[in-house]
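See structure below.
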Number of protein chains: 2
Amino acid sequence: MYRIGELAKACDINNDTLRFYEKNALLSPSSRSESGYRLYTEKDKEILQFILRAKGVGFTLAEIRELLSIEVNKADNACADVKILVDTKLADVERKLAELTRFQTSLKRLSDACCGGEESAEHCTILEALESNTNNVRHEHHHD
Amino acid sequence: MYRIGELAKACDINNDTLRFYEKNALLSPSSRSESGYRLYTEKDKEILQFILRAKGVGFTLAEIRELLSIEVNKADNACADVKILVDTKLADVERKLAELTRFQTSLKRLSDACCGGEESAEHCTILEALESNTNNVRHEHHHD
DNA sequence: CTTGACCTATGATCTAGATCTAAGGTTTAT
DNA sequence: ATAAACCTTAGATCTAGATCATAGGTCAAG
């Protein structure tokens with residue numbers, strides 16, 4: 001069992017952030033002490049770590065609340081609803097993955113162009129690096 | 001040449017957001033009309049689209065400002081500085097990619113468990129789905 | 001039994017990012 | 001030449017997310 005300060009320190013966040021997450025239905029301590037202190041279990045800690053990771057990749061707290069609410073349960077006929085939610089988030093994640101992969105490619109290209117190869121780019125910005133692998137996406141150049 | 005309203009509409013954002021980006025050194029119109037109207041070029045539009053995509057994958061405006069400032073120039077001896085910045089962002093992107101890939105795996109697992117296979121999970125949450133491919137990362141289960 | 005480090009609750013403050021308000025100038029169409 | 005639809009500026013407001021301030025209860029150590 002962790003008290004609020006212990007859990008906060010273990011996960012490198014502020015005590016108040018834990019109270020904030022509780023008020024916003026993201027994570028409640030499994031119990032309270034006699035005198036009202038919050039008591040968090042190991043499981044609570046895992047949920048918190050999930051929240052922090054999800055935040056780190058750009059999910060909003062509202063989205064994280066949804067993710068945490070997912071309960072795939074064969075006995076439950078709300079299964080279709082869950083599947084829709086999961087598949088929506090999955091599409092979201094995959095869109096981000098695709099976009100990030102483009103950034104990765106561009107940044108690699110810039111990194112290589114820089115200081116490295118003797119006769120590479122004479123002048124290159126992230127925009128140009130990105131453009132060179134994005135032609136087929138959206139723009140129609142009508143430069144005639 | 002786009003006027004502010006035209007560019008905003010084309011990119012589905014608010015006029016005020018463009019003024020905000022200008023004030024915050026992210027994107028300035030290439031010129032002004034006689035009467036002071038902002039005039040944006042096609043190039044400006046590309047920068048804006050870059051900003052919007054970068055935002056979409058979780059870069060802050062401050063980070064985007066840095067990315068836009070990257071100018072790999074062989075004639076410029078600040079090249080080492082640029083490389084450090086680029087490589088820092090690259091590491092950042094790759095960390096996000098790894099994390100997102102884990103979410104993708106977990107969500108796929110949930111999606112498959114749900115409604116699909118007749119005898120799959122009886123009860124499964126995102127946490128459990130995530131744990132099952134994260135054992136080697138941090139937790140030590142001592143359930144004996 | 002009191003000091004200091006912790007905890008409680010409520011409500012205010014801060015930041016980033018975006019949008020809105022107010023007071024007025026510009027352009028286009030009638 | 002005037003109404004409608006734009007544009008300008010400066011500054012206020014809003015949201016999400018987090019942190020701080022205040023006033024007080026709890027608890028371990030001296």
Side-chain angles (χ1 to χ4, degrees), chain A residues 1-41 44-45 47-69 89 92 96 99, chain B residues 1-41 44-45 47-69 89 92 96 99:
Chain A
M1 294 296 224
Y2 302 89
R3 281 190 301 180
I4 193 170
E6 295 166 344
L7 181 59
K9 186 166 293 179
C11 294
D12 197 30
I13 60 170
N14 191 296
N15 294 11
D16 286 315
T17 302
L18 282 170
R19 298 197 188 95
F20 174 78
Y21 287 170
E22 181 173 353
K23 195 165 56 182
N24 288 275
L26 278 160
L27 172 62
S28 292
S30 291
S31 58
R32 294 283 184 132
S33 73
E34 286 279 320
S35 45
Y37 287 14
R38 290 168 176 80
L39 295 174
Y40 296 90
T41 63
D44 293 333
K45 186 179 177 186
I47 295 174
L48 177 57
Q49 287 169 337
F50 173 82
I51 293 170
L52 298 178
R53 274 189 288 114
K55 230 166 48 72
V57 293
F59 283 108
T60 65
L61 298 193
E63 289 172 321
I64 295 171
R65 200 180 300 119
E66 283 189 324
L67 285 172
L68 284 171
S69 77
K89 294 303 171 202
D92 213 52
K96 279 187 190 176
E99 202 70 82
Chain B
M1 294 296 226
Y2 302 89
R3 282 192 299 183
I4 193 171
E6 295 166 345
L7 181 59
K9 187 167 291 178
C11 294
D12 198 30
I13 60 171
N14 191 296
N15 294 10
D16 286 315
T17 303
L18 282 171
R19 297 197 187 96
F20 174 78
Y21 287 170
E22 181 173 352
K23 196 165 58 184
N24 288 275
L26 279 160
L27 172 61
S28 292
S30 291
S31 58
R32 294 283 183 132
S33 74
E34 287 280 318
S35 45
Y37 287 15
R38 290 168 175 81
L39 295 175
Y40 296 91
T41 63
D44 293 333
K45 187 180 177 184
I47 296 174
L48 177 57
Q49 286 168 338
F50 173 82
I51 293 170
L52 297 177
R53 273 188 288 114
K55 231 165 47 74
V57 293
F59 284 108
T60 65
L61 298 194
E63 289 172 320
I64 295 170
R65 201 179 301 118
E66 283 189 324
L67 285 172
L68 284 171
S69 77
K89 294 303 171 201
D92 213 52
K96 280 188 189 175
E99 201 70 81

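In what follows, chains carry the letters A, B, and so on, assigned in the order in which the sequence lines appear, proteins first and then strands, with residues in each chain numbered from 1.
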### Query
Roughly, in whole Å, what's the span from OH in A:Y2 to P in C:dC6?
18 Å
## Note on the structure
A:D16 atom CG is separated from D:dG17 atom C1', nearest whole Å, by 12 Å
### Query
To the nearest Å, how far apart are B:Y37 OH and C:dG24 C1'?
12 Å
### Query
So which nucleotide from D:dT26, C:dT27, C:dC20 ends up closest to the side chain of A:S35?
D:dT26
#### Entry: Validation row: A:L68, A:I51 side chains within 4.5 angstrom (heavy atoms)
yes
### Query
Does A:R38 put a side-chain nitrogen or oxygen below 4.0 Å from OP1 or OP2 of C:dC7?
no
### A:I4 CD1 - D:dT26 P separation (whole Å)
17 Å
### Message
Below the 4.0 Å mark, does C:dA16 have OP1 or OP2 next to a side-chain nitrogen or oxygen of B:K55?
### Response
no
### Message
With a 3.5 Å distance limit and no angle check, can you tell me whether B:N15 reaches the backbone of B:A8 through a side-chain donor-acceptor pair?
### Response
no
### Task
Provide, to the nearest angstrom, the distance between the OH atom belonging to A:Y21 and the P atom belonging to D:dT19.
8 Å
### Query
Looking at B:F59, is B:K96 sitting on its ring face, NZ or CZ under 6.0 Å from the six-membered ring centre and within 45 degrees of the normal?
yes
### Query
Looking only at heavy atoms, which two atoms of B:L48 and B:C11 are closest? And how far apart?
CD2-SG, 3.6 Å
### Value in whole Å for how far the C1' atom of D:dA18 lies from CG of A:L52
13 Å
### Message
Within the 4.0 Å heavy-atom criterion, would you say A:N15 contacts the bases, only the backbone, or no part of the nucleic acid?
### Response
sugar-phosphate
### Task
Counting heavy atoms from C-beta on, name the nucleotide in C:dG17, D:dC7, C:dC7 closest to the side chain of B:F20.
C:dG17
### Query
Would you call A:R19 and A:D16 a salt bridge, using N to O less than 4.0 angstrom?
yes
### Message
I want to confirm an ordering. Mapping B:S33 and B:L61 to their closest nucleotides on DNA chain C, which one lands closer to the 5' end?
### Response
B:L61
### Query
Within this structure, what is the CG-to-P distance between B:L18 and D:dT9, rounded to whole angstrom?
13 Å
### Interatomic distance where CZ belongs to A:R3 and P belongs to C:dC7 [whole Å]
6 Å
### Query
Considering heavy-atom distances to DNA chain D, does A:E34 or A:I13 have its closest nucleotide positioned more toward the 5' end?
A:I13
### Query
Counting side-chain heavy atoms from CB outward, which of C:dT19, D:dT9, D:dA18 is closest to B:R19?
D:dT9
